[in-house]
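Everything on this sheet refers to the single structure shown next.
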Amino acid sequence: MYVEMKIVRSVREMQRMSESLRNTGKIISFVPTMGYFHEGHLSLMREGRKRGDCLMVSIYVNPTQFGPGEDFERYPRDFERDRNLADGVGVDVIFSPDDREMYPEYYQTNVNVERVTQNLCGLSRPGHFRGVTTVCAKLFNSVKPHVTIFGKKDFQQFVTIKRMVQDLNMDLEVVGMPTVREADGIAMSSRNVYLKAHERESALSLSRSLKMAKGMYEKGERNARNILEAVKKFIEEHPYTRIDYVKICDTTTLEDVDHLQGETVLALAVRIDKTRLIDNYVFGDVLDI
Ligand code: AMP
């Protein structure tokens, strides 16, 4: 679209640029991120490239989605590296506002999606999804996209954003993309840089337990408790692991289920020492491990 990739820091400038593109009939696709790109991010951008004339990517480490004592300060950041990677996949605009631009003085309005944010990460990270939906609503109002692409690695986030877009009548298509994994099966995450060499084997217990659950499902197991017990036992056998949750939920309501009926997801959050990792598997889907 543009000859050279542009960097935009101001909301007003972003809005003006998007408005004029929309007025000339261009389709805007948008990938919101917190930066420190890996192949997971790049896969969303490639999808965005296919779906729009103009591909916008935001890089913003949003303070309001981190709780007290979480890793906001030490979250990995490398703008130059991200800029080069984005350029390589044909991003047109990087939108990277600072905190004052996103949350000006007297800021006091939030978006809250009620029920699907209660379970899973909502239990251990109170306020997290309120931060996510609020910043996404603000980013959507800045970038004015026609289509936005999210990773299903953050399954609850994907469901929550779809809910918000539908509930608030936003004129926006939300696309979900499969989880991109390392060769050994670990779901790619900017937080994987926190893992020390001796912790990686333990981190592998997440994806391996999903594979085990998939095997049980394929042999006909439909009792959630049996699968959950096997998964917990498997993860707990690995050193340094501390389970935050292991749950099987309906993919629409994200409420716990006893029996695997309709579309259900096995969702995990596990701490490996100080690093909290998440992963999930929608029963019946492919799992590339
Ligand atoms: P983040 O920068 O971690 O906030 O992630 C930005 C987007 O990338 C979100 O939509 C994530 O779900 C997505 N994402 C993160 N990791 C992966 C992955 N391993 N595979 C696919 N998408 C991912």
Side-chain angles (χ1 to χ4, degrees), residues 29-49 51 55-67 70-72 74-79 81-83 85-86 89 91 94-97 102 116 120-121 125 128-129 131-140 143 145 147-165 172-195 203-204 206-207 210 251 265 267-269 275-282 285-289:
S29 54
F30 175 46
V31 179
T33 82
M34 298 204 299
Y36 211 70
F37 295 154
H38 50 66
E39 267 302 313
H41 295 116
L42 301 183
S43 74
L44 309 189
M45 293 178 208
R46 290 190 194 101
E47 185 65 21
R49 187 63 283 162
R51 286 175 177 264
L55 170 58
M56 318 293 206
V57 171
S58 63
I59 300 179
Y60 180 59
V61 184
N62 172 37
T64 68
Q65 70 189 70
F66 289 79
E70 289 189 355
D71 57 347
F72 173 68
R74 69 176 188 133
Y75 195 85
R77 296 160 168 93
D78 189 341
F79 189 80
R81 179 176 167 273
D82 287 349
R83 178 214 286 258
L85 288 168
V89 292
V91 170
I94 292 181
F95 177 48
S96 189
M102 285 308 271
V116 296
L120 305 172
C121 290
R125 303 186 72 188
H128 168 68
F129 287 110
V132 169
T133 43
T134 300
V135 81
C136 284
K138 290 167 69 62
L139 292 169
F140 295 159
V143 175
V147 54
T148 184
I149 299 108
F150 281 77
K152 289 191 188 172
K153 192 220 133 196
D154 301 277
F155 195 83
Q156 189 172 20
Q157 171 172 281
F158 171 63
V159 171
T160 301
I161 296 296
K162 271 200 308 185
R163 202 60 267 150
M164 174 182 80
V165 164
L172 175 62
E173 183 188 357
V174 183
V175 174
M177 294 294 289
T179 301
V180 177
R181 297 177 178 281
E182 310 274 359
D184 58 9
I186 294 183
M188 287 196 182
S189 163
S190 307
R191 290 189 167 97
N192 289 352
V193 292
Y194 300 151
L195 291 171
L204 273 168
L206 281 84
S207 54
L210 297 179
T251 56
V265 59
L268 322 172
T275 309
R276 184 176 177 279
L277 301 176
I278 57 172
D279 206 341
N280 70 83
Y281 172 63
V282 175
D285 275 6
V286 276
L287 183 61
D288 268 338
I289 305 178

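For ligands, and for the atoms within them, numbers begin at 1 and follow the listed sequence.
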T179 heavy atoms, cut-off 4.0 Å: which ligand 1 atoms fall inside? 19 (N), 20 (N), 21 (C)
Tell me: protein heavy atom nearest atom 1 (P) of ligand 1, and distance? H41 NE2, 3.7 Å
V61 to M34 - nearest heavy-atom pair and separation: CG2-O, 3.5 Å
Which protein non-hydrogen atom lies closest to atom 4 (O) of ligand 1, naming both residue and atom, and how far is it? M34 CG, 3.6 Å
For ligand 1 and L44, I'd like to know whether there is a polar contact (N/O to N/O, distance under 3.5 Å). no
How close do A86 and M45 get, heavy atom to heavy atom, and via which atoms? CA-SD, 4.5 Å
Show the numbers, then the answer: is there a side-chain contact (heavy atoms from CB on, under 4.5 Å) between H41 and D82? CA-CA 10 Å; H41 295 116; D82 287 349; over 6 Å; no
What one should report as the nearest heavy-atom pair of I59 and G35 is CG2-CA, 3.8 Å
d(T64 OG1, H128 NE2) to nearest 0.5 Å is 10.0 Å
Heavy-atom nearest neighbour in the protein, as seen from atom 21 (C) of ligand 1, with distance rounded to 0.1 Å: P178 O, 3.5 Å
Which residue and non-hydrogen atom of the protein lie closest to atom 17 (C) of ligand 1, and at what distance in Å? H38 CE1, 3.7 Å
Got the closest protein heavy atom to atom 12 (O) of ligand 1, with its distance? D154 OD2, 2.6 Å
With V193 via side chain to side chain contact (heavy atoms under 4.5 Å, CB included) - residues at least two apart: Y36, P76
Any idea which protein heavy atom is nearest atom 10 (O) of ligand 1, and the distance to it? G151 N, 2.9 Å
Among all the protein's non-hydrogen atoms, which is closest to atom 20 (N) of ligand 1, and how far away is it? V180 N, 2.8 Å
Using every non-hydrogen atom in the two residues, find where P32 and S58 come nearest and quote the distance to one decimal. CA-OG, 3.2 Å
The atoms of ligand 1 lying under 4.0 Å from a heavy atom of P32, numbered in the order shown, are 6 (C), 7 (C)
Within less than 4.0 angstrom of ligand 1, does E39 place any heavy atom? no
For F72, is the NZ or CZ atom of R77 found under 6.0 angstrom from the centre of its six-membered ring and inside 45 degrees of the ring axis? yes
So is there a nitrogen or oxygen of M188 less than 3.5 Å from a nitrogen or oxygen in ligand 1? yes
